[in-house]
2 protein chains.
Amino acid sequence: MPAETKSCRSTCPIANALEIVGDKWTLVILRDLMFRNLHEYKEFLESPEGIATNILSARLKFLTEDGIISRIPHPTNGTKKLYYLTERGKTLMPLLIEMTIWGSDQISGAETPPHVITAMRNNKEEFANQTLESLAEWEAENLRTL
Amino acid sequence: MPAETKSCRSTCPIANALEIVGDKWTLVILRDLMFRNLHEYKEFLESPEGIATNILSARLKFLTEDGIISRIPHPTNGTKKLYYLTERGKTLMPLLIEMTIWGSDQISGAETPPHVITAMRNNKEEFANQTLESLAEWEAENLRTL
DNA sequence: CCGGATCCGTTTCGATACTG
DNA sequence: CAGTATCGAAACGGATCCGG
């Protein structure tokens with residue numbers, strides 16, 4: 001009995017997400033953009049995971065070419081750039097939220113606040129909306145020129 | 001306003017998921033286990049992504065040691081083994097579902113059935129339950145000996 | 001045959017030094 | 001400060017070999 005018939009509708013399009021989701025550093029950058037309000041090259045570098053400069057450059061380039069993020073010159077500081085999520089990039093949020101939830105309750109008893117997580121788990125929608133809102137705030141401040 | 005206070009509660013535990021989610025081949029195997037009802041070494045090898053034997057071995061080993069999957073000797077064929085998701089492994093399903101959804105509607109207009117996806121998107125719970133059910137069916141047939 | 005370990009040529013990654 | 005060059009380390013893919 002061919003297994004393909006009963007499950008995996010449409011050849012399991014997970015493959016299309018592998019380039020993004022299957023890469024550790026890409027995920028770290030996306031997390032920083034979504035949940036930590038980071039927008040600068042230097043800020044990404046200082047993330048606890050310790051990404052290297054060439055890796056960061058490569059991933060930012062890939063994400064930009066792929067339409068997940070975009071960038072502008074820093075409004076006041078000419079030497080800096082600001083990176084931010086495109087609308088397409090924001091569609092990855094449910095995925096990142098699931099990652100956060102799963103990562104939270106796997107290290108049970110560790111440094112993870114107990115019921116904050118269950119709250120997040122029960123209010124994914126609200127959590128997503130709050131996060132989107134804070135992204136919108138940042139955009140309102142920094143993307144006026146567009 | 002320090003960005004850390006308003007978002008990223010609890011130091012963003014995404015990091016805990018990176019070993020699993022940040023690896024392409026691990027995700028491919030998990031997809032095969034969850035959505036394609038594959039349970040044998042050889043079946044994984046034949047997946048369209050084309051994983052190499054040594055890579056497959058390494059990932060299966062890691063996933064086993066990490067408690068995501070488990071394995072038993074094939075009930076009728078002594079030389080084969082059967083791999084299957086543990087309860088812990090099944091907790092990754094929401095994440096894989098989000099990956100599937102995201103992968104589906106990014107390749108817009110491609111080989112993806114149109115409204116099947118939106119149905120899946122609107123019925124994540126149901127889709128998850130259906131999938132869990134089909135996993136349970138398989139277990140009922142193959143894990144009797146436990 | 002099947003799972004899987006080992007070896008090897010090639011590619012990719014990543015830490016650091018360096019440049020504009 | 002953003003990004004590149006370099007170079008050793010690791011991962012990958014493929015083939016082969018081994019044990020049951």
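Convention: sequence-line order gives letters A, B, ...; per-chain numbering from 1. Only a predicted model underlies this, so the values are computations on that prediction, with no experimental measurement involved.
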Within a radius of less than 6.0 Å around CD of B/Glu46, do more than 12 heavy atoms belonging to other residues, nucleotides or ligands occur?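 Atom CD in B/Glu46 is packed in, count exceeds 12.
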
Got more than 12 heavy atoms from elsewhere within 6.0 Å of CD, B/Glu139?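 Check passes, neighbour count above 12.
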
At 4.0 Å (heavy atoms only), tell me whether A/Tyr83 reaches a base, stays on the sugar-phosphate, or touches nothing.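 Sugar-phosphate, backbone atoms only, no base.
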
In whole Å, I'd like the distance from the [atom1] atom of [X] to the [atom2] atom of [N].
X: A/His39; N: D/dC1; atom1: NE2; atom2: C1'; result: 18 Å
X: B/Leu60; N: C/dC2; atom1: CG; atom2: C1'; result: 14 Å
X: A/Leu45; N: C/dA17; atom1: CG; atom2: P; result: 15 Å
X: B/Asn77; N: D/dG20; atom1: CG; atom2: P; result: 16 Å
X: B/Glu40; N: C/dG3; atom1: CD; atom2: P; result: 6 Å
X: B/Leu56; N: D/dG13; atom1: CG; atom2: C1'; result: 13 Å
X: A/His74; N: D/dA2; atom1: NE2; atom2: C1'; result: 13 Å

Got a sec, which pairs hit ring-ring contact (aromatic ring centres under 6.0 Å, His included) with one end in residues 39-78 of chain A, sequence neighbours left out?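 Qualifying pairs: A/His39-A/Trp138.
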
Under 4.0 Å protein heavy-atom contact, by nucleotide of nucleotides 5-15 of chain C - B base, S sugar-phosphate only: BBB-----SBB

Taking side-chain contact (heavy atoms from CB on, under 4.5 Å) as the test, write out the residues that go with B/Thr131, two or more places apart.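 side-chain contact (heavy atoms from CB on, under 4.5 Å) check on B/Thr131 returns B/Phe35, B/Met93, B/Phe127.
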
Would you indicate, yes or no, if D/dC1 has its OP1 or OP2 atom less than 4.0 angstrom from a side-chain nitrogen or oxygen of A/Lys80?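 The answer is no; no side-chain N or O of A/Lys80 sits under 4.0 Å from OP1 or OP2.
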
Locate the shortest heavy-atom distance separating A/Leu60 from A/Ile29; write the atom from each residue and the value.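 Taking A/Leu60 first and A/Ile29 second, the nearest heavy atoms are CD2-CG2, 4.2 Å.
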
Strictly below 4.0 Å, N to O, side chains only: are B/Arg31 and B/Glu49 in salt-bridge contact?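 A salt bridge links B/Arg31 with B/Glu49.
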
